[in-house]
Number of protein chains: 2
Amino acid sequence: MADIARLAGVSTSTVSRALNHSGLVNQETRERILELASSLNYSINIGAQNLRLQQNRTVAAVVPLDKSTRQQLSDPFLLSMLGGLADVLSEQGFDILVSRVDADQVDAASAPFDSGRVVGVVLIGQGRHHDQLNRMATRGVPVVVWGAQLPQQLYTTVGGDNVAGGRMATEHLLAHGRRRIAFLGDTGLPEAALRHQGYVEALAAYGLAPDPQLQVAASFLPGSGTDAVHELARRGAAYDGVFACSDLMAMHAIHALRAEGRAVPADVGVVGYDDIELAAYFHPPLTTVRQPRDAAARALVAALLARIDGQPVPSSLLPTELVVRASAA
Amino acid sequence: MADIARLAGVSTSTVSRALNHSGLVNQETRERILELASSLNYSINIGAQNLRLQQNRTVAAVVPLDKSTRQQLSDPFLLSMLGGLADVLSEQGFDILVSRVDADQVDAASAPFDSGRVVGVVLIGQGRHHDQLNRMATRGVPVVVWGAQLPQQLYTTVGGDNVAGGRMATEHLLAHGRRRIAFLGDTGLPEAALRHQGYVEALAAYGLAPDPQLQVAASFLPGSGTDAVHELARRGAAYDGVFACSDLMAMHAIHALRAEGRAVPADVGVVGYDDIELAAYFHPPLTTVRQPRDAAARALVAALLARIDGQPVPSSLLPTELVVRASAA
DNA sequence: GTGAAAGCGCTAACAA
DNA sequence: TTGTTAGCGCTTTCAC
């Protein structure tokens, strides 16, 4: 900036004003400065500007990753959520800093906030971090989480209607004559727990009680769908339906079922969750519960900005929708 | 920091030294300061520190996106590359700023560098941006690109061996008796062009010439695989093999073939590219060319750091590998 | 072992 | 319309 000032024969103040399109600069001077700046590929140093202005237009998107398994974040839905967030935040003029933290040290998610790097944090995946998240919120870290609303929650969540999702998925299987429906998902995770609740409700409406033998605590890691089907086989469980808590899991399960010689949907009906892009092209095309990804990204950003603004923001529940294709009919 | 200094009864200089583990601080003073800092959840303001130190440990990962189609980056392989980069960069103590730019304004990719936000740029996807990338490199922007090496290239690329990949895929189909092999990919893109070259070479080794009727300029966008199969049908082209330039495309193509009543691999053998996570669980399990994602992420980061260091960095070619499953046998 | 002072690149009173 | 000056939060000589 000093260089430009020198070359333009003005002070840095004038350059600053010109670059910020302040009206208080002579038309001609302004043009000279702008031309100079663009010919030098000069851009205002954002770090210095932020320091001076005490502002910041960067948000952290944090994905917890399971370091025990050194598992990359690989769930396509969560990954695409990251993409959706990036889009929405760009639109709003925010930059997005992506960081990955150990699932058991989610506190670390606030580091970029504490050090003034970002103005807020979006956590993609609530996991088992309720307490840590509450602690962060208490410390005043503006944090918004993709996940389920929990009692005594001090942070804001945005999530799909998991109970309804679980209910619709199960109802669909029941409506197609399935009576022994396996539930694949880790109810230790709030979202899966709620989907399970929907599952139980749907069963109850048919006068059925959930059979513990049919419940497998499959994680969201790839491969878990396969493992779950093996586990059911090991238990000798009889089932004609599967409700999986993610499409990835459902696809793996279908693959494993096929390996067992069981046809989908003829022998076993399968319903997934998320409606990832590939779901429609899988074989058989996957019946699944759609989560509103774009709306979610929008809601997460809106909530975060409001939080940053100091407003209390209620958690929100986005509608989910059953997409009927062929895997359960 | 001033607060801590006051509370500890020392000057900010001392606080700074203590926080930076400078040996020149009294043991006891240091401890008092550190305790104070952690009890206040204080972290050094990185912006100010960077300004003062003239340093920066942030790298931009830029994904070009096709604004004409408003298409999100959705290719699972590229998305997972982003994940791999995030891992490697974290390991090295770098933060990662993700931005999306219009495919036709890739110049904008250097904005975070010009404004001092990042020390370098990794571009995930070379596309048709050769000239713009050369221009960026000429301006001195440290930029490293996932893509193919091109003549007169001033920037550094890291890429898989596309020619070998194309050759192996095609050879595999040929070895299984396929003679009319469709090529699905846009040869306007450097990587697809090289894969096509491998395809042609493999055909030539069998004394076959490529049939233009069998070449469809399918993009990397989702749905293009489906479109390509429709296009082949429209042309009335006869084929018994398909080499698709991405797994996503291959999966879509298989779906479309099935809709046409053609079995894979019985009627048509299909080979994909990338070896995304789902490839093994697709039906039929996808035979594909594996791209070394983790090695690629590592190489990209190493190249970028060397570039930032001012060293000239040669482009590199990573080995690809044919993963034989069931879709082409 | 510690503090005072200067300066990283920028902006905004305030003065001219 | 422009320049001077101070200061954002930090580190680091230099002096004590």
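Both backbone and side-chain heavy atoms feed into the values below; hydrogens, waters and symmetry mates do not. Per chain, numbering begins at 1; letters A, B, ... match sequence-line order.
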Original post:
5'-most contact on DNA chain C: B:Thr12 or B:Gln27, nearest heavy atom basis?
Top reply: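 The residue closer to the strand's 5' end, by nearest nucleotide, is B:Gln27.
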Subject >> Closest-nucleotide ordering on DNA chain C, the 5'-leading residue of B:Leu53 and B:Val25 >> reply: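 Of the two residues, B:Val25 wins.
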Between the side chains of [X] and [Y], does any donor sit under 3.5 Å from an acceptor?
X        : Y        : value
A:Ser110 : A:Arg139 : yes
A:Thr58  : A:Asn56  : yes
B:Gln153 : B:Ser315 : yes

Is [X] touching bases, backbone alone, or none of the nucleic acid, heavy atoms closer than 4.0 Å?
X       : value
B:Leu24 : base
A:Ser13 : base
B:Leu51 : base
A:Asn20 : sugar-phosphate

Check for a donor-acceptor pair, side chain of [X] on one end and backbone N or O of [Y] on the other, with a separation under 3.5 Å.
X        : Y        : value
A:Asp75  : A:Phe77  : yes
B:Asp294 : B:Gly84  : no
B:Glu191 : B:Gly147 : no

Original post:
So do A:Leu85 and A:Leu300 actually touch side chain to side chain, heavy atoms under 4.5 Å?
Top reply: yes
Subject >> Pairwise side-chain contact, B:Leu97 with A:Ile96, heavy-atom cut-off 4.5 Å (strictly under) >> reply: no
Original post:
Between B:Arg17 and B:Ile44, who's closer to the 5' end of DNA chain D by nearest nucleotide?
Top reply: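 Per heavy-atom nearest nucleotide, the more 5' residue is B:Ile44.
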**OP:** For B:Val15 and for A:Val10, find the nucleotide of DNA chain D with the closest heavy atom, then tell me which residue's nucleotide is more 5'.
**Re:** A:Val10
Original post:
Taking 5' to 3' order, which nucleotide of DNA chain D is first and which is last to have an atom within less than 4.0 Å of a heavy atom in chain B?
Top reply: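 So the contact region on DNA chain D extends D:dG9 to D:dT13.
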Original post:
Between which nucleotides of DNA chain C, read 5' to 3', does contact with chain A run, using atoms under 4.0 Å from its heavy atoms?
Top reply: C:dG9 to C:dA13
Original post:
Taking 4.0 angstrom as the limit, do A:Arg30 and A:Glu35 come out as a salt bridge?
Top reply: no
